[in-house]
Amino acid sequence: MSAANQLAALIHNMFATGLLDDQFQQLQMLQDPSAPNFVAEVVTLFCQDGERIIGELAKLLDKPVVDFDRVDAFVHQLKGSSASVGALKVKNTCVQFREFCQQRSKDGCLKTLEMVRINFYELRGKFQTMLQLECQVNGFPPNN
């Protein structure tokens, strides 16, 4: 199977499994010859920010007394960046996470953090594969 076909199948699968929503297509439409790496740059920033935020959330929830307002602020930030790239599963899990923050439920937050981690790292792995395939299709060397 060609890299272009693999890329199309991967993206189709990401939509079919609910990892992505229509916002990702909107993002793709913003890419043009004047900004050929636009999607790659946005996705890379999302992955870097997401990893940083998940790390901060883990630290905050590891404390004996949890500052739920700070936790909620980080979850809100992750929800916003997820929505902007079309990361549907991560965004929806953040909605649940925020509910546990409002309830001041440390157990609920810890369980939901684990779900955010699972959804985020699944998506990040697929984004990395997508970027590698795009490099093959477009003839650019991967950034790794």
Side-chain angles (χ1 to χ4, degrees), residues 1-63 66-102 105-144:
M1 185 185 310
S2 73
N5 288 344
Q6 289 177 40
L7 179 60
L10 175 66
I11 292 172
H12 174 78
N13 175 268
M14 291 165 78
F15 279 101
T17 58
L19 279 176
L20 295 177
D21 65 17
D22 292 342
Q23 182 59 35
F24 184 75
Q25 289 175 317
Q26 298 291 320
L27 191 67
Q28 287 178 308
M29 290 191 313
L30 294 173
Q31 186 162 295
D32 63 25
S34 68
N37 295 324
F38 178 74
V39 172
E41 289 170 8
V42 171
V43 163
T44 300
L45 283 173
F46 165 74
C47 291
Q48 290 169 347
D49 286 348
E51 198 158 356
R52 179 187 56 79
I53 291 169
I54 288 170
E56 290 295 329
L57 288 168
K59 282 186 221 167
L60 288 169
L61 290 171
D62 195 38
K63 293 186 177 181
V66 175
D67 182 344
F68 287 101
D69 293 332
R70 284 198 64 209
V71 171
D72 186 57
F74 277 112
V75 174
H76 183 70
Q77 188 180 354
L78 183 58
K79 179 179 161 248
S81 63
S82 298
S84 70
V85 298
L88 182 63
K89 272 189 182 178
V90 176
K91 180 188 80 175
N92 288 345
T93 308
C94 286
V95 170
Q96 294 173 323
F97 203 145
R98 292 194 75 200
E99 289 172 11
F100 284 118
C101 286
Q102 290 162 3
S105 169
K106 184 175 182 175
D107 284 344
C109 286
L110 286 167
K111 286 176 184 156
T112 314
L113 174 60
E114 189 55 33
M115 288 306 306
V116 165
R117 259 196 196 111
I118 290 166
N119 293 332
F120 173 80
Y121 286 109
E122 177 186 8
L123 180 62
R124 188 185 78 164
K126 292 191 186 236
F127 272 157
Q128 288 171 336
T129 301
M130 179 192 80
L131 295 177
Q132 289 170 346
L133 288 169
E134 282 183 351
C135 287
Q136 291 174 26
V137 169
N138 297 321
F140 299 124
N143 290 347
N144 304 359

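All heavy atoms count here, side chains included; hydrogens, waters and symmetry mates do not.
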Is the side chain of [X] donor-acceptor paired with the backbone N or O of [Y] at a distance under 3.5 Å, no angle test?
X: Asn119; Y: Met115; result: yes
X: Ser105; Y: Cys101; result: no
X: Asn5; Y: Met1; result: no
X: Gln136; Y: Ala3; result: no

Working to the nearest 0.5 Å, report the span between [atom1] of [X] and [atom2] of [Y].
X: Met14; Y: Thr129; atom1: CE; atom2: OG1; answer: 8.5 Å
X: Lys91; Y: Thr93; atom1: NZ; atom2: OG1; answer: 11.0 Å
X: Leu60; Y: Ile53; atom1: CG; atom2: CD1; answer: 11.5 Å
X: Glu134; Y: Gln6; atom1: CD; atom2: CD; answer: 13.0 Å
X: Phe100; Y: Thr112; atom1: CZ; atom2: OG1; answer: 4.5 Å
X: Asn13; Y: Lys126; atom1: CG; atom2: NZ; answer: 4.0 Å

State which residue, out of Leu19, Val43, Ile118, fulfils the side chain to side chain contact (heavy atoms under 4.5 Å, CB included) condition with Leu123.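 With Leu123 as partner, side chain to side chain contact (heavy atoms under 4.5 Å, CB included) holds for just one option, Leu19.
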Answer with yes or no after comparing the ring centroid distance for Phe127 and Tyr121 against a 6.0 Å cut-off, counting only values under it.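 Centroid separation for Phe127 and Tyr121: 6.0 Å or greater.
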Show the nearest heavy-atom pair for residues [X] and [Y], with the distance to one decimal.
X: Cys109; Y: Leu61; result: CB-CD2, 3.7 Å
X: Leu88; Y: Gly18; result: CB-O, 3.4 Å
X: Leu113; Y: Ala58; result: CD2-CA, 3.8 Å
X: Arg52; Y: Phe74; result: NH1-CE2, 4.0 Å
X: Gln28; Y: Val39; result: CA-CG2, 3.7 Å
X: Ala83; Y: Gln23; result: O-CG, 3.0 Å

Decide yes or no for Phe120 and Ser82: does some side-chain heavy atom of the first lie under 4.5 Å from some side-chain heavy atom of the second?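 Side-chain contact under 4.5 Å: no.
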If you define the side chain from C-beta out and look only at heavy atoms, does anything of Thr44 sit under 4.5 Å from Leu131?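 Yes, their side chains come closer than 4.5 Å.
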Test Lys106 against Lys63 for side-chain contact (heavy atoms from CB on, under 4.5 Å), laying out the working first. CA-CA 10 Å; Lys106 184 175 182 175; Lys63 293 186 177 181; over 6 Å; no
Near Arg70 CZ, under 6.0 Å, is it more than 12 heavy atoms from other residues, nucleotides or ligands?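 12 or below, so no.
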Heavy-atom count check: over 12 atoms from other residues, nucleotides or ligands less than 6.0 Å from Lys79 NZ?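 No, NZ of Lys79 has 12 or fewer neighbouring heavy atoms, counting only those of other groups under 6.0 Å.
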Take Arg98 and Val95 through the test side-chain contact (heavy atoms from CB on, under 4.5 Å) and record every step on the way to the result. CA-CA 5 Å; Arg98 292 194 75 200; Val95 170; 6.0 Å; no
Stepwise, does the side-chain contact (heavy atoms from CB on, under 4.5 Å) test hold for Phe97 with Val71? CA-CA 9 Å; Phe97 203 145; Val71 171; 3.8 Å; yes
Could you go through Gln48 and Leu45, starting from their C-alpha distance and side-chain angles, then the distance that decides it, and tell me whether this counts as side-chain contact (heavy atoms from CB on, under 4.5 Å)? CA-CA 5 Å; Gln48 290 169 347; Leu45 283 173; 3.8 Å; yes
Charged N-O contact under 4.0 Å between Lys111 and Glu114: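 Result for this pair is no, no salt bridge flagged.
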In terms of side-chain heavy atoms, does Asp49 have a donor or acceptor partner in Ser81 at a distance below 3.5 Å?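 No, no side-chain donor-acceptor pair sits under 3.5 Å.
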